[in-house]
Protein chains: 2
Amino acid sequence: MAGTADDATDRRDTSSRDKILEVAEALFARRGFAGVGMREVAEAAGLGKSSLFHHFRSKVQLYLAVLERVLGRLDDRQTAVLSQSLAPAEKLDRWMDVTIDTFAEQPASARLLLRALFEEDEFDGTDWPEGQAVDRRLASVLEGVARLLNEGMKKGAFRAASTPHVLQTLIGAALYHFASGELGEALLGGPMLSADAVRARKAEMKAFMHHGLAPRPAQSAGGDES
Amino acid sequence: MAGTADDATDRRDTSSRDKILEVAEALFARRGFAGVGMREVAEAAGLGKSSLFHHFRSKVQLYLAVLERVLGRLDDRQTAVLSQSLAPAEKLDRWMDVTIDTFAEQPASARLLLRALFEEDEFDGTDWPEGQAVDRRLASVLEGVARLLNEGMKKGAFRAASTPHVLQTLIGAALYHFASGELGEALLGGPMLSADAVRARKAEMKAFMHHGLAPRPAQSAGGDES
DNA sequence: GTCTATATCACGATAGAC
DNA sequence: GTCTATCGTGATATAGAC
């Protein structure tokens, strides 16, 4: 696996809080905020329901803590790559490497993030104080890669494209793939998290991005039926 | 808007069933299966809760009916395009036109479909008989565009790529964009469903696909940090 | 077909013993 | 920090009058 080593080693003396976050991450990823009950989380973590409420005062607080942990892991690794001094195209490749590795190593994170991005939670705002940490992490992730794209376009390493649209495509291509689970594996005809499958996805996304962002005048597409 | 005219015209003599499906589609899209209550659907449709259960025997049945309607609308329009005799590249452009138009004209459909694809419902199988219609529609959508991609590669119109991976990228780029709602509009800095914004998304996706599928040998990407 | 009532159950959250 | 017991609410779903 990649650089960071603070992961799931020695799980034995893990605190209850970490265990809760671990199982809650998997459950929220699979069935969403409304689809998971605190009783279910408690049982999966090996506790009673009241003990769970001792660690997290409310379901929203637990959900936001899970989200912040997932976003934090991703943000830290991406920020490390983005702070290196590399040519934009090379840096974008590294960004895709580390992003895809994170999704592949933590299978729940892609689904959880995809939900968080399109599900318009009512608690990612100013209402819940814990939501601010989530908002900061999300902004850091998005602004980091947006800055890279803009820099690359200014330097002529990428064609002049719409940064938001490229971002949307990048998010969709990376996040959806690893969130697609069963259906994705049915399409691929095999596992999606094996070393080979992860390598294949990286190659595929890099090929698309290399060609799609190549610094040549974009060919004006055909007609428009609407 | 586009060709089909069976849309929301003369809503006055719409039956209760259609009204229910309409409001349920919007609600399920926004908050998912578990996040929506039958009482809420009934009230939004202007009925009592029991009247709703008269039209749909269970919540699962209602959800599957909504899904089938959304998938059916998409499948019908895509199939019409795919059955035309056009060159693969041109046909893929038309496929993207009609797909994006459908998502843009029915704003709930993208979110609903995205959920259906990655949420691994337990009722999309053999358990519920209504789920088979949903499965058929989904298979038709996926197989249709997969056939087009394979045909294009065989004819040399597209580079030899992994059809499943291209499919995943295509789904992610089209579906996520129109499902991204608030966040997407925040990134774009404006509305995402306006005629201009829809045109811009079509152009962006076509540019990426034209370049990403261009029939030249794919350049072998750089290193791999994992 | 639509309604009022009701049955049954699980939910989030709290109280308080240990 | 974990437990049992409980509160109040809202969930899906049904019964039966009109």
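From a predicted model like this one, the values you see are computed outputs, not experimental measurements.
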Is any NZ, NE, NH1 or NH2 atom of the basic residue among [X] and [Y] found under 4.0 Å from an Asp or Glu carboxylate oxygen of the other?
X       : Y        : result
B:Asp97 : B:Lys206 : yes
A:Arg94 : A:Asp101 : no
A:Arg77 : A:Glu105 : yes

Please give, in whole Å, the distance from [N] [atom2] to [X] [atom1]?
X       : N      : atom1 : atom2 : value
A:Leu52 : C:dT14 : CG    : P     : 12 Å
B:His54 : D:dT12 : NE2   : P     : 19 Å
B:Glu43 : C:dT4  : CD    : P     : 11 Å

Any N/O pairs under 3.5 Å between the protein and nucleotides 11-13 of chain C? List them or say none.
residue : atom : partner : partner atom : Å
C:dG12  : OP1  : A:Val36 : O            : 3.3
C:dG12  : OP1  : A:Met38 : N            : 3.4
C:dG12  : OP1  : A:Lys59 : NZ           : 3.0
C:dG12  : OP2  : A:Met38 : N            : 2.6
C:dA13  : OP2  : A:Lys59 : N            : 2.9
C:dA13  : N6   : A:Lys49 : NZ           : 2.8

key: Any donor-acceptor pair under 3.5 Å from A:Lys59 side chain to A:Phe33 backbone   =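 Answer holds: yes.
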task = Would you please name every residue forming a salt bridge (charged side-chain N to carboxylate O under 4.0 Å, His left out) with B:Arg39, sequence neighbours left out?
result =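 Salt bridge (charged side-chain N to carboxylate O under 4.0 Å, His left out) list for B:Arg39, sorted by chain: B:Glu43.
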key: Qualifying residues under salt bridge (charged side-chain N to carboxylate O under 4.0 Å, His left out), relative to A:Glu185, sequence neighbours excluded   =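 For A:Glu185, no residue satisfies salt bridge (charged side-chain N to carboxylate O under 4.0 Å, His left out) once neighbours in sequence are set aside.
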task = Consider the side chain of A:Ser51, meaning its heavy atoms from C-beta on, and name the nucleotide among D:dC3, C:dT2, D:dG1 that approaches it most closely.
result =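 Comparing D:dC3, C:dT2, D:dG1 against the side chain of A:Ser51, the answer is D:dC3.
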